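Heads up, the thing below is written out as structure tokens.
The first residue in the sequence is number 1, and the count goes up from there. Please read all numbers here as calculations on a predicted model, not as lab measurements. Whatever order the structure lists ligands and atoms in, that order sets their numbers, starting from 1.
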Amino acid sequence: MRHFLNTADWTRAELDAMLADARAMKKSPIGDALKGKSIALLFLNNSLRTRTSFDIGVRQLGGHAVVLSPSGGMWPLEFEDGAVMDGEAEEHVKEAAAVLSRYADIIGVRAFPKFADWNEDRKDKVLNAFARYSAVPVINMETITHPCQELAHIMAVEDQLALEGRPGTDGKKFLLTWTYHPKPLNTAVANSALMIAAKYGMDVTLLCPTPDYVLDERYMTQAQKDCAANGRTLTVTHDIEAAYRGAEIVYAKSWGALPYFGNWAPEKPIRDAHRHFIVDEEKMALTNAALVSHCLPMRRNVKMTDAVFDSAACIAYEEAENRLHVQKAVMRAVVRN
Ligand code: CP
């Protein structure tokens, strides 16, 4: 049995096989690969795309989805081993995972950080607890990484580059840019964008306001390792012009600076001073006809201007659609393994 928790656990060849499967299902969506099978989708946080695409995807393959969420009446769960359960939680994840495994063939988990202490959040306790106690494969539907988004993004990039007659990601300049958002957000998609770009042989640039916005060393190290193995580079910069110049893919995302976890007030003036990190036409003009994307949801004219988002360069809708196709491929892969 194999879980799908992080793309770092899967080889490029294995991910390529999933992408090939996803492309086949994009052309021919209906099948019976999951006939008679069920997936339990546990959402501890909001979702539009993930919830809809998993639910519809499993149905398109003949299976069935059950969505569970605290607001939908699920018992509050405890995730700490050895906890004395005299607080809010009525059920331990040990029982919840074991019981769901008796009903469902796959368990999907969405559990964002609590944003109080990064040293705790980086342990990804909810996902890892389900992985430990489940007897069936667990899929990460976004915790502190977002591997399904990674696959959807790389599929959109590869397909659009091929359409434009400049195929392949190898050696392309990939820019991951921090953008302003009024609230400090999860680093999951940024961690994921960094890792998949490195794994797929790109020269990766991380643009952020100050060194405090550099991502967790676990993901920086993984990306650095993959870049080196591919003969590519990982560059961190705070220079907007240098970062955009020559970029072929621009990925926009906002995230909270890790040193301020749990103490966000001093971070606010820093983020407020960097509203100009918005992805706009002027910055895009510095690129090498870059594709641009965002995982969505996205605040228009805060993170990216309407003109850029609504331009032909933007592949965000392709990426969002690909969530459906790649997740079907992931579900097929984990039930086969
Ligand atoms: N990109 C993404 O995961 O979207 P949702 O949060 O709407 O699921």
Side-chain angles (χ1 to χ4, degrees), residues 4-7 18-19 22 26 39-60 65-72 74 106-115 121 124 126-127 130 138-157 159-160 176-179 181-197 215 219 249-256 279 291-300 302-304 309 314-331:
F4 187 73
L5 307 181
N6 195 324
T7 53
M18 287 186 208
L19 292 175
K26 191 168 186 172
I39 181 165
L41 302 171
L42 178 73
F43 282 96
L44 300 187
N45 306 93
N46 296 340
S47 168
L48 184 148
R49 281 144 288 273
T50 306
R51 178 175 172 164
T52 314
S53 54
F54 265 105
D55 194 340
I56 290 174
V58 70
R59 286 165 201 266
Q60 287 182 346
V66 177
V67 176
L68 300 161
S69 66
S71 61
M74 200 182 82
I106 307 172
I107 299 173
V109 177
R110 167 165 284 200
F112 291 175
K114 292 191 166 61
F115 293 100
D121 283 335
D124 217 354
V126 177
L127 183 70
F130 270 96
V138 172
I139 295 177
N140 179 351
M141 301 195 300
E142 190 177 356
T143 58
I144 57 171
T145 61
H146 200 348
C148 296
Q149 193 74 47
E150 290 177 50
L151 290 185
H153 175 63
I154 209 70
M155 180 174 168
V157 167
D159 290 354
Q160 186 60 31
L176 168 62
T177 178
W178 180 92
T179 56
H181 187 286
K183 289 186 271 187
L185 300 182
N186 195 356
T187 53
V189 172
N191 295 333
S192 278
L194 193 78
M195 285 196 295
I196 202 70
L215 297 166
Y219 306 110
I249 296 103
V250 174
Y251 203 70
K253 187 70 186 80
S254 189
W255 61 88
V279 182
L291 306 178
V292 62
S293 198
H294 187 283
C295 62
L296 307 180
M298 188 199 74
R299 293 188 184 220
R300 281 172 173 263
V302 172
K303 289 178 166 184
M304 194 183 293
F309 190 83
C314 185
I315 56 170
Y317 291 135
E318 281 304 312
E319 179 170 331
E321 182 194 324
N322 288 346
R323 293 289 305 278
L324 173 66
H325 312 304
V326 299
Q327 289 159 192
K328 287 161 74 178
V330 170
M331 288 189 280

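Closest heavy-atom approach to atom 6 (O) of ligand 1 within the set Glu142, Arg51, Arg110: this belongs to Arg110. Within the set Arg49, His146, His153, the minimum heavy-atom distance to atom 3 (O) of ligand 1 is found for His146.
A pairwise comparison of heavy atoms in Leu41 and Ala65 identifies CD1-CB, 4.0 Å as the closest pair. Of all heavy-atom pairs spanning Asn46 and Arg110, the tightest one is O-NH1, 2.7 Å.
Put simply, CD on Glu150 and SG on Cys295 are 11.5 Å apart, with the number rounded to the nearest 0.5 Å.
Annotation for ligand 1: atoms under 4.0 Å from non-hydrogen atoms of Gln149 are 1 (N), 2 (C), 3 (O). Using a 4.0 Å cut-off to heavy atoms of Thr50, the atoms of ligand 1 that qualify are 2 (C), 3 (O), 5 (P), 8 (O). In the vicinity of Cys295, heavy-atom distances shorter than 4.0 Å reach the ligand 1 atoms 1 (N).
One finds no salt bridge joining Asp55 and Arg51 here, because no Lys/Arg side-chain nitrogen approaches an Asp/Glu carboxylate oxygen to under 4.0 Å. Contact check on Lys26 versus Glu318 returns a salt bridge, with a Lys/Arg side-chain nitrogen under 4.0 Å from an Asp/Glu carboxylate oxygen.
By the 30° and 60° cut-offs, the orientation of the rings of Tyr317 relative to Phe309 is perpendicular.
Closest protein heavy atom to atom 7 (O) of ligand 1: Leu48 N, 2.7 Å.
Under 4.0 Å from ligand 1, not a single heavy atom of His294 appears. At a heavy-atom distance under 4.0 Å, no atom of Val189 approaches ligand 1. Heavy atoms of Arg323 found under 4.0 angstrom from ligand 1 belong exclusively to the side chain.
Formation of a donor-acceptor pair under 3.5 Å by the Ser53 side chain with backbone atoms of Arg323 is not found in this model.
Remark: ligand 1 and Pro297 share no N or O pair separated by less than 3.5 Å (distance only, no angle test).
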